[in-house]
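The chains referred to below are lettered A, B, ... by the order of the sequence lines, with proteins before strands, and numbering in each begins at 1.
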Amino acid sequence: MILDFLGDLERTHSCGELRASHAGQIVVLMGWVNRRRDHGNLIFLDLRDRSGITQIVLDKELVPEGHAKGEHVRPEYVVAAVGKVSLRDADAINPKMPTGEIEIETTELLVLNDTRLAPFSPSDEAIQNEEVRLKYRYVDLRRPEMQHNFRLRHDITLAIRDNLSQQGFLEIETPILTKSTPEGARDFLVPSRLHAGEFYALPQSPQIFKQILMISGFDKYFQIARCFRDEDLRADRQLEFTQVDLEMSFPRQETVFGVAEQFLAAGFKAAGVTLLTPFPRITYDESMRRFGSDKPDLRLPGLTDVRPAFTDENLAALQIDPALPVVALRIPNVGELSRKEREDNHPSFDLKKGAKFIDDFKRLAKGFPEAAVKVRELAGAAEADFVIIVAGDPAHHIKASDTKFEGRLSEREINVYSAAGNFRTELAKKYADKHGAFGVTEKVVKDAEPGAPVDGAQAFQPIWITDFPMFEYDAALAKWMPAHHPFTSPHEADMANLLTDPASVRANCYDLAMNGMELGSGSIRIHRKDVQQQIFQSLGISDEEARARFGFFLDALEYGTPPHGGIALGLDRIVMLLAGAPSLREVIAFPKTAKAIDLMVEAPTTVTEQQLKELHIRVALKS
RNA sequence: GGGGACGUAGCUCAGUUGGUUAGAGCGCUGCCCUGUCACGGCAGAGGUCGCGAGUUCGAGCCUCGUCGUCCCCGCCA
């Protein structure tokens, strides 16, 4: 079809803004044809842009030329309509559309562009084929749901940036081409042309730079920072992702919490959700005890210690390890399950943790009536609640440490708790329709509108996790590894144990979890060189190695480093939560697949020999 | 690296115990229609059943392999 030139024509309004009050005005709208309804001598076009949809009327008697073009127009053609805003007759009003009281009585129609037939249409309701969505991402992104997600992302980002600026933070950019940093993930490497055989690394986070900015006296830094980690992807993990990264000088842990709570609340407010501050706090040990997880979902009931419900004889008869935790998990309102239904759940239980479970209460009640009653009572279980007991399995003793430090949990205990915690969240996912705890979040997300904040206290439950162990023992490498990163400061009270009892040392680091997802983490850093050296020593990192990997940073530490600390929160995850999206791909414009492929641009690819040669690289594929 | 689910028309899906010519809705094409808004009516096109082997008289259906997408474990502080 013959396309029209735009000429001097200028758009006067968007497709979502015209109302009855505009009646009589001559307007120019431009957008995509969402749908076309052809009645012969009368054609209706729904014109769509990111603001909404307006009905365009082409009447053969009034605009024979425009009507003739309209006969050939198809969905997703790009058109401009000149015409008068006219009130619809009462019986023609469409109450489902914000613009439903008016329509455009078209006097001129310009066809600005046509389109090939895409494998799906933005007006389609059911499009689930992610392969096709990602390949034709530009069509997918036209869908109102996606437009909404990116509007949301923009609003949240803007609010956070503005809030941090108001809190006195300076946004400072740090390099993308840098040096391998000490986080635990695999680096993306960039070969250097000017330095044969040498590589830059993409930052896993701006960690070292932000600490150096503190040494540089910037006092409060933040950045909406792109980070890169070459690890396998998940629904909530992409190769590149965005963090709200900040660092400040002279803070207590509580200071960082306050700053983060404020900017997060500002971000949520921009999405129409009120977050209550301060957020609750819980230690790592307590979180494991109460939820079996270091990223607890507070929308669900926690674990209950039901050890008191059993006598020693009970435990012996049930073959439960009396020295390990005996806990109950409860999923509300599941109702009675058949043996088959219960058995279908069994694969969700992680047997590798050396724990076992009892989910047949009828049978338990037969053999141990008092204990069965007591367990449900302790767990606060209503009649319809599904209760499962999780305990240590003496017959399946896995290799783990029994060592305990003054009221802290042993590795073996943690294993039992986390087996229970994983089972808890797996079953909660499965029975979401019954307990309804997740539905609350979905509803808030659906109803939330900027300017009309809804109470998110039930729907979004943030919690700080504190006092993580400083080190984790890596059995494979037979050495202690930093649980956070090696610049995290230890608790001052635990410093004496650094070399003697590494497992007992707590770190000044913290995570923020929300609805069972880790939103981010941070720490108070080491600012003294002597402490840093002790940490390296207990990690078994030699002076030479430390010097080679981050000598520049050790140098910097010697030039008047203030006490400092900070945090980084995953922006994509925040938006994902507030968009009610099932994966990060819904809130990242051009994401990669689970196999790390960009289906639209088709990356990665091979490169030319010439390119490789310049970079002093030779490819050696394993055959 | 490992486990699982899925793969049939452009999209969403059905396809009986392995049995004749593989279906539906939407979309698409053509024609008709002046008040529709998920418009309607009539007619039509559209399939290497992901790919490759194998079993079988016969495979969309069974077996093995392979590729792709998704989910999970490992991995990711």
Completion exercise
Of the listed A77(B), C28(B), C70(B), the closest approach to the Ala594(A) side chain comes from C70(B)
Problem - U12(B) versus C6(B) - spacing of their C1' atoms, nearest Å - result: 14 Å
Handout entry: Separation between the C1' atoms of C11(B) and G1(B), rounded to whole Å
Key = 35 Å
Handout entry: Where Asn345(A) and Phe423(A) come nearest, the two heavy atoms and their spacing
Key = O-CE1, 3.5 Å
Handout entry: Flag if over 12 foreign heavy atoms under 6.0 Å of NE2, His346(A)
Key = yes
Practice task
Check whether more than 12 heavy atoms from other residues, nucleotides or ligands sit under 6.0 Å from atom CZ of Arg50(A), and answer yes or no.
Solution key: no
Problem - Euclidean distance, atom CG of residue Asp114(A) to atom C1' of C28(B) [Å, nearest integer] - result: 16 Å
Exercise for the section: Using only side-chain N and O atoms of Gln204(A), determine if any of them is under 4.0 Å from OP1 or OP2 of A77(B). Expected result: yes
Under 3.5 Å, N/O pairs linking protein and nucleotides 66-68 of chain B:
from   : atom 1 : to        : atom 2 : distance (Å)
G68(B) : O2'    : Glu131(A) : OE1    : 3.3
G68(B) : O2'    : Glu131(A) : OE2    : 2.6

Problem - Whole-angstrom distance between U63(B) and G7(B), as gauged at atom P - result: 14 Å
Completion exercise
From CG of Asp124(A) across to P of C13(B) the rounded distance in Å is 13 Å
Practice task
Would you mind building the protein contact string for nucleotides 32-41 of chain B? One character per nucleotide, 5' to 3', B for base within reach (heavy atoms under 4.0 Å), S for sugar-phosphate only, - for untouched.
Solution key: -BBBBBSB--
Exercise for the section: Mind checking side-chain contact (heavy atoms from CB on, under 4.5 Å) for Thr178(A) and listing every partner two or more places apart, or none if nothing turns up? Expected result: Pro175(A), Pro203(A), Phe209(A)
Fill in the blank from the handout: note: Asn345(A), atom CG; G4(B), atom P; distance rounded to Å ~ 19 Å
Handout entry: For atom CD of Gln238(A) and atom C1' of C75(B), their distance in whole Å
Key = 16 Å
Problem - Minimal non-hydrogen separation, Pro206(A) against Asp245(A), with atom names - result: CG-OD2, 3.4 Å
Practice task
Determine the interatomic distance between C1' on G19(B) and the same-named atom on C75(B); round to the nearest Å.
Solution key: 49 Å
Exercise for the section: Please state the P separation for the pair G30(B) and A45(B) - nearest whole angstrom. Expected result: 15 Å
Problem - Glu103(A) atom CD, neighbour heavy-atom count above 12 within 6.0 Å - result: yes
Practice task
Give a yes or no on this: more than 12 heavy atoms of other residues, nucleotides or ligands lie within 6.0 Å of atom CZ of Phe228(A).
Solution key: yes
Problem - G35(B) to A24(B) separation - P atoms, rounded to the nearest Å - result: 31 Å
Handout entry: Spacing of the C1' atoms in A14(B) and G65(B) (rounded, Å)
Key = 28 Å
Handout entry: Spacing between Asn129(A) atom CG and A5(B) atom P, to the nearest angstrom
Key = 20 Å
Exercise for the section: Specify whether His39(A) and Phe44(A) have parallel, tilted or perpendicular ring planes, treating 30° as the upper limit for parallel and 60° as the lower limit for perpendicular. Expected result: perpendicular
Practice task
Quickly work out the Asp294(A) CG to C76(B) C1' distance and round it to whole Å.
Solution key: 13 Å
Practice task
Count the heavy atoms belonging to other residues, nucleotides or ligands that lie under 6.0 Å from CD of Glu65(A), then report whether that count exceeds 12.
Solution key: no
Problem - Length of the CG-P vector between Leu117(A) and C26(B), whole Å - result: 16 Å
Practice task
Please evaluate the base of G74(B) for a donor-acceptor partner in the side chain of Arg234(A) within a cut-off of under 3.5 Å?
Solution key: yes
Exercise for the section: Check whether any side-chain N or O of Arg186(A) sits under 4.0 Å from OP1 or OP2 of A77(B), and answer yes or no. Expected result: no
Handout entry: Polar pair under 3.5 Å, donor/acceptor by atom type, side chain Asp232(A), base G74(B)
Key = yes
Exercise for the section: Indicate, with yes or no, if the rings of Phe550(A) and Phe536(A) have centres closer together than 6.0 Å. Expected result: yes
Completion exercise
Here the distance between atom P of G3(B) and atom CG of Leu351(A), to the nearest Å, is 18 Å
Problem - Donor-acceptor pair under 3.5 Å, Arg237(A) side chain vs C75(B) base - result: yes
